[in-house]
Amino acid sequence: MHWLSILALAGSAAAGSCPRAFLESLTSQYLAAQTAGDPALFPSLAPNGTFIENDVKLARSLCDPHAPGRQHATWHVAAVDSVVTRPGDWAFNATGYLYWDSHENWAVGPYEKVATDRAALQAAADEYFDRFDNTSVVIPLGTPCARLKGGAYTGRGNLTADACDIGGFPNNIKVTNQKYIVDEAAGVVDIFEGFPGLDRSEPTRPVPDSHLFRIINGTIRYIHTVSHCFNTGCGMNGTLFGKRSAKW
Ligand SMILES: *[C@@H]1O[C@H](CO)[C@@H](O)[C@H](O)[C@H]1NC(C)=O
Ligand SMILES: *[C@@H]1O[C@H](CO)[C@@H](O)[C@H](O)[C@H]1NC(C)=O
Ligand SMILES: *[C@@H]1O[C@H](CO)[C@@H](O)[C@H](O)[C@H]1NC(C)=O
Ligand SMILES: *[C@@H]1O[C@H](CO)[C@@H](O)[C@H](O)[C@H]1NC(C)=O
Ligand SMILES: *[C@@H]1O[C@H](CO)[C@@H](O)[C@H](O)[C@H]1NC(C)=O
Ligand SMILES: *[C@@H]1O[C@H](CO)[C@@H](O)[C@H](O)[C@H]1NC(C)=O
């Protein structure tokens, strides 16, 4: 599974804020380039654009310096940052991910638009991680609410009544290096961060991790996590994977 963040920078300081349509076109370009294995399908990438996968800067560049069109673009892509998981990563199960995701409501309708602005959306998502090292923090959890970790679902099988407030939060974990993507129109926040303690085989080293939050009317409804393991199975000796777990 592939969680993506694309950093676009203006070609000139006067260009103002990056248009949403352009950002959406980047995702299409990136997917087309990946699917076809053809870097020319990602013409908005800057000649020196950076690729980062699970916190590692890739030496290989997908960029074709002769790709047509780039020279006309006002905006270009400075960096593509991704959290990528494969078998052996935390609770990895692409089939399970697709299955549970398709049963949740991620639709954007009038009620979701009840405006929560960027700062409020980010604050709600931040509370989740703030709780990880401060038990006084109250996470704004709504109902239904469920966590999908890799492909493992914490929901108890009732998609209208599932709750996230079922304990199992850590109280001494401080995630690091948060990077935010906030989509106000969709009520969605994605936080890329480093999650120490997740990989038991290297407990102090922050694991490259993505937490995606669906926030409706100020409350968190769905949380999807994608977490890399430094060593296969994150040092859990096969005791976690394939099983439903309430922990984290
Ligand atoms: C890429 O090139 C642009 C334009 O020359 C420059 O401003 C930017 O700092 C460069 N980025 C990196 C990562 O080298
Ligand atoms: C992956 O998820 C699917 C759908 O929920 C499930 O049927 C399957 O058993 C899971 N595989 C593993 C290895 O847990
Ligand atoms: C969100 O809040 C509005 C206004 O209070 C309410 O009408 C709407 O039903 C709420 N939506 C959900 C999904 O709870
Ligand atoms: C813990 O959270 C509470 C409630 O938000 C806050 O008042 C307090 O300052 C926090 N403590 C620390 C050490 O951040
Ligand atoms: C889910 O929970 C709600 C509220 O407790 C209940 O009304 C409903 O019957 C439950 N649905 C199923 C399929 O168990
Ligand atoms: C996994 O196995 C190793 C070696 O036996 C052990 O040191 C470690 O505590 C085990 N980890 C867990 C999470 O059980």
Side-chain angles (χ1 to χ4, degrees), residues 1-3 83-106 116 119-142 144-162 164-178 189 191 193-207 209-215 218-220 222-248:
M1 295 192 284
H2 205 124
W3 241 242
V83 175
V84 178
T85 56
R86 304 181 173 84
D89 285 322
W90 185 270
F92 180 88
N93 181 348
T95 312
Y97 186 93
L98 277 177
Y99 175 82
W100 291 110
D101 179 73
S102 72
H103 285 75
E104 293 178 340
N105 178 14
W106 286 74
T116 327
L121 288 168
Q122 184 173 323
D126 274 337
E127 303 260 42
Y128 187 82
F129 284 125
D130 288 347
R131 167 64 185 77
F132 280 26
D133 73 337
N134 181 349
T135 54
S136 301
V137 172
V138 178
I139 309 168
L141 298 170
C145 178
R147 283 174 277 177
L148 175 58
K149 295 174 295 176
Y153 210 54
T154 62
R156 295 300 178 208
N158 184 334
L159 289 160
T160 61
D162 279 334
C164 286
D165 194 12
I166 49 178
F169 288 103
N171 55 27
N172 60 353
I173 297 289
K174 194 149 199 71
V175 302
T176 62
N177 194 27
Q178 286 95 326
V189 178
I191 305 182
E193 29 57 59
F195 194 146
L198 202 62
D199 190 324
R200 273 46 164 189
S201 66
E202 298 190 45
T204 59
R205 188 175 165 200
V207 158
D209 178 277
S210 159
H211 271 56
L212 180 75
F213 298 87
R214 178 82 203 276
I215 297 163
T219 63
I220 296 174
Y222 301 120
I223 305 160
H224 290 187
T225 75
V226 174
S227 319
H228 176 59
C229 292
F230 298 123
N231 296 296
T232 300
C234 277
M236 296 294 289
N237 303 335
T239 54
L240 173 75
F241 301 102
K243 290 183 190 152
R244 232 167 38 177
S245 161
K247 287 222 72 163
W248 306 351

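Numbering of ligands and ligand atoms starts at 1, following listing order. All values below come from the heavy atoms of this structure, side chains included, with hydrogens, waters and symmetry mates left out.
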Using only atom types and a distance under 3.5 Å, with no angle test, would you say the side chain of Tyr222 pairs donor to acceptor with the backbone of Asn105? yes
If I apply the N/O under 3.5 Å rule, does Asn237 come out as touching ligand 6? yes
Hey, is ligand 6 close enough to Met236 that some N/O pair sits below 3.5 Å? no
Does any N or O of ligand 2 fall below 3.5 Å from an N or O anywhere on Asn93, backbone included? yes
Please check if the side chain of Asn231 supplies one atom and the backbone of Ser201 the other of a donor-acceptor pair under 3.5 Å. no
Check: Pro203 main-chain N/O paired with Arg205 side-chain donor or acceptor under 3.5 Å: no
Atoms in ligand 2 with a heavy atom of Gly96 nearer than 4.0 Å: 1 (C), 2 (O), 4 (C), 5 (O)
Side chain of Arg131, backbone of Asn171: donor and acceptor closer than 3.5 Å? no
Could you tell me whether a side-chain N or O of Thr85 sits under 3.5 Å from a main-chain N or O of Val226, the two making a donor and an acceptor? no
Output for ligand 4, non-hydrogen cut-off under 4.0 Å, lists Asn134, Ser136, Val137
Keeping the roles fixed (side chain from Asp101, backbone from Leu98), state whether a donor-acceptor pair exists under 3.5 Å. no
Whether Tyr99 and His103 hold their rings parallel, tilted or perpendicular, with breakpoints at 30° and 60°: tilted
Please verify the inter-ring angle class for Phe132 with Phe169; under 30° counts as parallel, over 60° as perpendicular, anything in between as tilted. tilted
